[in-house]
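Below: one structure, written as structure tokens.
Chain A is the first sequence line, chain B the second, and so forth, proteins listed ahead of strands; every chain is numbered from 1. Both backbone and side-chain heavy atoms feed into the values below; hydrogens, waters and symmetry mates do not.
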Amino acid sequence: MLYFAWVRQKVGRSEERLDLPAGIATVRALAEFLERRGGGYAQAFADLKRLRAAVNQEHVPFDSALAADDEVAFFPPVTGG
Amino acid sequence: MLYFAWVRQKVGRSEERLDLPAGIATVRALAEFLERRGGGYAQAFADLKRLRAAVNQEHVPFDSALAADDEVAFFPPVTGG
Amino acid sequence: MIRVGPDDFDAAAELAALHARAGDAGAVATFTGHVRGEDGLAALILEHYPAMTEREIARHAAEAERRWPLLGVTVIHRVGRLVPGARIVFVAVAAHHRRAAFEACEFLMDYLKVHAPFWKQEERVGGTSWVEAKTSDDDAAERWRR
Amino acid sequence: MIRVGPDDFDAAAELAALHARAGDAGAVATFTGHVRGEDGLAALILEHYPAMTEREIARHAAEAERRWPLLGVTVIHRVGRLVPGARIVFVAVAAHHRRAAFEACEFLMDYLKVHAPFWKQEERVGGTSWVEAKTSDDDAAERWRR
């Protein structure tokens, strides 16, 4: 996973690797899994309406399916350049 | 008077001074006066629909009035830069 | 800054000068026009009505500044004999925001390409001929009327 | 040519390079964005998602080339800490005709300013805060949808 902007700040890292836990089949399920870690993760993922996600560098809705080796990124809505 | 583009080429000069002849009160009358000179002038002023005019550096219709010391220019429709 | 004459220009230097002059401009839009070598064109020869050209360009630059909140405008137009590839026109507009910069730059270009008192000759192997005024360009300039 | 990174750029050199590459381009439209020092801004700090940024910009440049007959496109975007006055973005588009060059340049700028994966922080005396996504910019990008 990759984290950007204040998501990165709250979780305290810009990237990490994770073997997809059993039962986690969508981006939303992964976000909820991360929220359950508590601490900065709980803060970052408390309100998914404030977040956006990309899988393999493409914007995706939270209901998108995940596969092993996907590059998943979580970030606030982009503010442009 | 000032002449530009093919008007200049037909009359054979780019400018000349003229004391406004009696009875010449508009741009159109001046153009017709010039046409009556014959030669290149007759060619240049044969069809006023192909010409445009300016008085003192402002585009004007052919029916505009003329005064002594006006700077009158005749030219084809501008083609822009 | 408005300049009409035969000399070439340095778009880079003009861009830098405009930005320096414009203060806190967030947006600078530019347009550079070059002579295109289509259909065997050897050169364009531009003639203008100097007193009228500068006056009219200044009037349109002022009109652009009335319509949009601008911080600076540069217009450079060349005249004389220009070969394919040569720069012919440069318009740069500085503003706080990009929309104003783009629109004012297009407005000035549409004016210059249609209504400015320039006359063009096309020089080809077969000879030199005057360019006729075009209607599609007229339409481009018309959209700014109001 | 697409480049995203912390380095400053030379708009003049980029303009010249684009024109050289573009062949017989009659029209080159450019946009240069600078950081504005409004409301006591000390700096903008831009973060991006590198793999995604380059891919998305390339996709939009290709989209512009599908929509308009273009001869060349340059997009440069800076990231990192940028102080007021600093160049932040440069888009240049070469085409045969001015309308295509202007429209494609605006299209790419609207995309970059709204949908490109950048996140901005504003650094002021009182501290640093994340910029929220704006709706008016969204409207600007929306007009290209079809």
Practice prompt. Output every pair passing salt bridge (Lys or Arg N to Asp or Glu O under 4.0 Å) with a member in residues 16-27 of chain C, not counting sequence neighbours, ordered by first then second residue.
Written response: none
Worksheet, complete the sentence: Residue from Gly80(B), Pro77(B), Ala54(B), Ala73(B) scoring the most non-hydrogen pairs under 4.5 Å with chain C is Gly80(B)
Worksheet item: Does the side-chain contact (heavy atoms from CB on, under 4.5 Å) test come out yes or no for Leu18(B) and Phe33(B), once each step is laid out?
Response: CA-CA 11 Å; Leu18(B) 181 78; Phe33(B) 170 83; 4.0 Å; yes
Item to complete: Compare all side-chain heavy atoms of Met1(C) with those of Val75(C) and state whether any distance is below 4.5 angstrom.
Response: no
Fill in: chain B contact via Val131(C) - side chain, backbone, both or neither, heavy atoms under 4.5 Å
both
Worksheet item: Contact part of Leu46(C) toward chain B, heavy-atom cut-off under 4.5 Å: side chain, backbone, both or neither?
Response: side chain
Fill in: Listed partners of Pro6(C) passing side chain to side chain contact (heavy atoms under 4.5 Å, CB included), at least two apart
Val79(C)
Between chain C and chain B, which N/O donor-acceptor pairs sit under 3.5 Å?
{"residue": "Glu47(C)", "atom": "OE1", "partner": "Arg8(B)", "partner atom": "NE", "Å": "3.4"}
{"residue": "Glu47(C)", "atom": "OE1", "partner": "Arg8(B)", "partner atom": "NH2", "Å": "2.5"}
{"residue": "Glu47(C)", "atom": "OE2", "partner": "Ala5(B)", "partner atom": "N", "Å": "2.8"}
{"residue": "Glu47(C)", "atom": "OE2", "partner": "Arg8(B)", "partner atom": "NE", "Å": "2.9"}
{"residue": "Tyr49(C)", "atom": "OH", "partner": "Glu71(B)", "partner atom": "OE2", "Å": "2.4"}
{"residue": "Arg55(C)", "atom": "NH1", "partner": "Asn56(B)", "partner atom": "O", "Å": "3.3"}
{"residue": "Arg55(C)", "atom": "NH1", "partner": "Gln57(B)", "partner atom": "OE1", "Å": "3.0"}
{"residue": "Arg55(C)", "atom": "NH2", "partner": "Glu58(B)", "partner atom": "OE2", "Å": "3.0"}
{"residue": "Leu112(C)", "atom": "O", "partner": "Gly81(B)", "partner atom": "N", "Å": "2.8"}
{"residue": "Lys113(C)", "atom": "NZ", "partner": "Gly81(B)", "partner atom": "O", "Å": "3.2"}
{"residue": "Phe118(C)", "atom": "O", "partner": "Thr79(B)", "partner atom": "N", "Å": "2.9"}
{"residue": "Phe118(C)", "atom": "O", "partner": "Thr79(B)", "partner atom": "OG1", "Å": "3.3"}
{"residue": "Phe118(C)", "atom": "O", "partner": "Gly80(B)", "partner atom": "N", "Å": "3.4"}
{"residue": "Trp119(C)", "atom": "NE1", "partner": "Pro76(B)", "partner atom": "O", "Å": "2.8"}
{"residue": "Lys120(C)", "atom": "N", "partner": "Thr79(B)", "partner atom": "OG1", "Å": "3.1"}
{"residue": "Lys120(C)", "atom": "NZ", "partner": "Gly81(B)", "partner atom": "O", "Å": "3.0"}
{"residue": "Trp130(C)", "atom": "NE1", "partner": "Gln9(B)", "partner atom": "OE1", "Å": "2.6"}

Item to complete: Would you please classify the geometry between the Phe9(C) ring and the Phe90(C) ring as parallel, tilted or perpendicular, with 30° and 60° separating the classes?
Response: tilted
Worksheet item: Would you say the side chain of Leu41(C) lies within less than 4.5 Å of the side chain of Val35(C), judging by non-hydrogen atoms?
Response: yes
Discussion item. According to side chain to side chain contact (heavy atoms under 4.5 Å, CB included), who are the partners of Ala12(C), at least two apart in sequence or on a separate chain?
Written reply: Asp10(C), Ala12(D)
